[in-house]
Protein chains: 2
Amino acid sequence: MSTPPEVRILVVDDHYIVRVGLVALINTEPGLKVVGEADGGEQAVKLFQALRPDLVLMDLRMPGTSGHEATRLIRQLAAAARVLMLSAFDGDEDIHAALEAGAQGYVLKSATGEDLIPAIHAVAAGRRWIPREVATRLKSRQTYEQLTAREIDVLNQLARGLANKEIADKLGISEYTTKDHLKSILAKLRVADRTQAVTAALQRGIIRLSP
Amino acid sequence: MSTPPEVRILVVDDHYIVRVGLVALINTEPGLKVVGEADGGEQAVKLFQALRPDLVLMDLRMPGTSGHEATRLIRQLAAAARVLMLSAFDGDEDIHAALEAGAQGYVLKSATGEDLIPAIHAVAAGRRWIPREVATRLKSRQTYEQLTAREIDVLNQLARGLANKEIADKLGISEYTTKDHLKSILAKLRVADRTQAVTAALQRGIIRLSP
DNA sequence: GCGCATCCCCCTCGAAGGAGGGATGAAGAC
DNA sequence: GTCTTCATCCCTCCTTCGAGGGGGATGCGC
């Protein structure tokens with residue numbers, strides 16, 4: 001009679017305290033074991049190559065290489081890699097980007113042990129794991145159109161408070177073109193003005209505030 | 001020869017995982033002990049009354065009663081209460097509000113055990129604990145003026161993307177007065193337009209995005 | 001061919017923002 | 001008591017900017 005093999009886990013989060021919590025939570029669970037910890041995306045990729053864990057528990061928003069970039073890189077190295085994304089945010093765009101990058105699961109940081117442990121087992125076993133509330137957000141996302149790369153460029157400048165002319169200079173286009181992009185942005189996000197566009201984009205996780 | 005008495009700690013954070021991390025970190029340290037956990041501000045006040053811990057380790061941003069509200073309430077109950085604020089954010093306003101509410105220390109969530117444990121000992125012993133990078137942010141804050149309550153009302157409506165007339169109706173004042181407040185806001189935050197005002201206020205932690 | 005992203009231009013009108021001018025009431029200094 | 005300060009409120013004039021309505025052009029992928 002053989003015991004089932006342990007699930008070897010790589011924990012990735014930029015906050016030391018969160019890593020301690022995850023490790024404590026996981027290592028008290030029979031059948032699960034943390035084999036490595038990374039404090040950022042670059043280190044996550046390196047440790048993945050060195051350790052080849054059965055599952056990566058990855059924070060989404062980190063300074064430097066983000067969680068979904070790291071996930072993409074890891075899945076290029078090993079298409080069968082299993083990634084469970086962990087995030088404090090439930091913005092539509094965050095969730096979509098995580099799954100797009102190849103994560104098989106998405107768990108919110110407000111999760112308790114009873115939420116997290118089954119998610120780990122499920123993803124390690126090759127199944128997908130999307131909590132109901134997350135799935136709902138993902139569906140609601142489809143109700144508005146996808147922004148183009150250029151529109152997101154403009155949006156980022158908008159969030160810095162630049163005027164149309166300034167954005168035009170920065171992006172090397174004419175003010176007219178900037179206004180055209182802005183028109184598309186307002187239409188796609190279904191908002192009335194630039195301020196609403198910025199707050200809507202921040203809430204949905206399309207852009208972030210630059211420090 | 002008597003051993004020094006244990007420091008009894010109440011841990012407050014809305015994220016279960018973070019609480020696990022903090023408890024694991026603290027309980028492995030001799031002389032420190034977690035005697036209670038709260039997942040929000042209301043529960044924190046209740047548990048403080050029941051447990052009378054030597055120190056409260058409090059998350060700043062929580063849904064419902066925030067960390068600084070809870071701190072204020074706790075210090076009304078016991079002026080000698082010791083609170084160490086824990087925050088993921090280093091916005092000037094967050095730091096100032098925490099100290100204003102009566103916290104004796106402020107530690108960032110990116111802190112490691114080596115950062116956190118001395119902070120706990122210091123605050124429990126009645127000393128103040130402000131990391132250098134936090135103190136720097138606090139000083140830079142003094143370089144711009146304090147907003148009035150009404151200006152912050154207007155700012156919150158601005159962040160929702162409302163026009164001056166809409167803000168005026170909402171707050172029950174004339175559009176002219178709204179524009180006056182806006183002028184003060186722009187001057188005090190030293191920005192050129194409403195969009196910059198919103199992003200600046202978000203970065204400094206003066207306002208938050210409403211979900 | 002088509003669709004789509006990107007780019008450029010014109011016009012119009014209302015909103016935003018910058019400059020003034022005041023009035024009131026509460027708080028604190030003297 | 002007065003005087004000052006400050007937050008709050010209201011108003012006018014003026015200029016620029018933002019936003020929405022058109023019209024096109026190019027290049028790319030399918």
Side-chain angles (χ1 to χ4, degrees), chain A residues 93 96-97 100 141-204 206-207, chain B residues 93 96-97 100 141-204 206-207:
Chain A
E93 209 56 36
H96 182 258
E100 190 81 352
R141 180 180 175 278
Q142 298 298 354
T143 59
Y144 63 90
E145 287 173 84
Q146 188 72 25
L147 295 183
T148 68
R150 206 53 166 163
E151 284 158 2
I152 293 176
D153 289 342
V154 173
L155 205 39
N156 270 303
Q157 302 307 317
L158 273 182
R160 304 182 55 189
L162 298 191
N164 292 337
K165 185 70 182 73
E166 293 173 312
I167 298 175
D169 291 346
K170 195 129 199 170
L171 299 181
I173 57 181
S174 96
E175 190 183 349
Y176 301 113
T177 306
T178 306
K179 292 176 82 170
D180 280 342
H181 289 310
L182 180 55
K183 284 182 215 176
S184 311
I185 293 169
L186 296 177
K188 287 184 179 178
L189 297 182
R190 301 199 196 124
V191 293
D193 57 48
R194 53 176 57 217
T195 309
Q196 286 181 352
V198 170
T199 52
L202 286 171
Q203 278 176 335
R204 291 172 187 175
I206 300 173
I207 57 167
Chain B
E93 210 55 36
H96 181 258
E100 191 81 352
R141 182 181 175 278
Q142 298 298 356
T143 59
Y144 64 89
E145 287 173 83
Q146 187 73 23
L147 295 183
T148 68
R150 207 53 167 161
E151 284 159 2
I152 292 177
D153 289 342
V154 172
L155 205 39
N156 269 305
Q157 302 307 318
L158 273 182
R160 304 182 55 188
L162 299 190
N164 292 337
K165 184 71 183 67
E166 295 173 311
I167 298 174
D169 291 345
K170 196 128 199 170
L171 298 182
I173 55 179
S174 94
E175 189 183 348
Y176 302 114
T177 307
T178 306
K179 292 176 84 168
D180 280 342
H181 289 309
L182 179 55
K183 282 182 221 174
S184 311
I185 293 169
L186 297 179
K188 287 184 178 177
L189 297 181
R190 299 197 198 128
V191 293
D193 56 50
R194 53 176 57 219
T195 309
Q196 286 181 354
V198 170
T199 52
L202 287 172
Q203 279 176 336
R204 291 172 186 173
I206 300 173
I207 57 168

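By convention in this document, chain letters (A, B, ...) are assigned in the order of the sequence lines, proteins followed by strands, and residues within each chain are numbered from 1.
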Whole angstrom is fine here: how far is it from CD1 in Ile185(B) over to P in dC9(D)?
-> 12 Å
Please state whether the phosphate of dT6(C), meaning OP1 or OP2, lies under 4.0 angstrom from any side-chain nitrogen or oxygen of His181(A).
-> no
What is the distance, rounded to the nearest whole Å, between atom CZ of Arg190(A) and atom P of dA19(D)?
-> 19 Å
Under a 4.5 Å cut-off applied to non-hydrogen side-chain atoms, are Ile206(B) and Leu189(B) in contact?
-> yes
Could you tell me whether a side-chain N or O of Gln157(A) sits under 3.5 Å from a main-chain N or O of Val154(A), the two making a donor and an acceptor?
-> no
Do Lys179(B) and dG17(C) share a donor-acceptor pair, side chain to base, under 3.5 Å?
-> yes
Would you tabulate the side-chain donor-acceptor contacts of residues 191-198 of chain A under 3.5 Å, counting partners in other chains and residues two or more places apart, or write 'none'?
from: Asp193(A); atom 1: OD1; to: Thr195(A); atom 2: N; distance (Å): 3.2
from: Asp193(A); atom 1: OD1; to: Gln196(A); atom 2: N; distance (Å): 3.0
from: Arg194(A); atom 1: NH1; to: Leu162(A); atom 2: O; distance (Å): 3.1
from: Arg194(A); atom 1: NH2; to: Asn164(A); atom 2: OD1; distance (Å): 2.3
from: Thr195(A); atom 1: OG1; to: Thr195(B); atom 2: OG1; distance (Å): 3.2
from: Gln196(A); atom 1: OE1; to: Ala192(A); atom 2: N; distance (Å): 2.8
from: Gln196(A); atom 1: NE2; to: Gly161(B); atom 2: O; distance (Å): 3.0

Report the distance from atom NZ of Lys183(B) to atom C1' of dT8(D), rounded to the nearest whole Å.
-> 14 Å
Distance (rounded to the nearest 0.5 Å) between Glu151(B) CD and Gln146(B) CD | 9.5 Å
Go through residues 147-157 of chain A and report each residue with a non-hydrogen atom lying under 4.0 Å from DNA chain D, sorted by number.
-> none
Glu175(A) CD to Leu182(A) CG distance, which is reported to the nearest 0.5 Å | 11.0 Å
May I have the distance from Gln196(A) (atom CD) to dG18(D) (atom P), rounded to whole angstrom?
-> 16 Å
Once you round it to whole Å, what is the distance between P of dT26(D) and CG of Asp180(A)?
-> 17 Å
Is Thr177(B) near enough to dC10(D) that one of its side-chain N or O atoms lies under 4.0 angstrom from OP1 or OP2?
-> yes
Could you check how far CG of Leu182(A) sits from P of dC17(D), rounded to whole Å?
-> 15 Å
Just to confirm, is there a sub-4.0 Å distance from OP1 or OP2 of dC9(D) to any side-chain nitrogen or oxygen of Tyr176(B)?
-> no
Would you mind reading off the distance between Arg194(B) atom CZ and dG18(C) atom P, rounded to a whole angstrom?
-> 11 Å
Would one find a side-chain N or O of Ser174(B) under 4.0 angstrom from OP1 or OP2 of dC10(D)?
-> yes
Span that lies between the C1' atom of dG14(C) and that of dG23(D), in whole angstrom | 23 Å
May I ask you to list the residues of residues 160-167 of chain A, by number, that have any heavy atom positioned under 4.0 Å from an atom of DNA chain D?
-> Ala163(A), Asn164(A)
Taking all non-hydrogen atoms of both residues, which atom of Ala159(A) and which atom of Thr199(B) are closest, and how far apart?
-> O-CG2, 2.8 Å
Starting at atom CD of Glu175(B), determine the distance to atom C1' of dC9(D), rounded to an integer number of angstrom.
-> 14 Å
Atom CZ of Arg150(A) and atom OG1 of Thr178(A): how far apart are they, to the nearest 0.5 Å?
-> 8.5 Å
Spacing of Leu155(A) atom CG and Ser184(A) atom OG [to the nearest 0.5 Å] = 11.5 Å
Rounded distance [0.5 Å steps], NZ in Lys183(A) versus OG1 in Thr177(A) = 10.0 Å
The reported gap from CD1 in Ile207(B) to CG in Leu147(B) (rounded to nearest 0.5 angstrom) is 10.0 Å
base_contact_polar (dC17(D) base, Asp193(B) side chain, donor-acceptor, <3.5 Å) = no
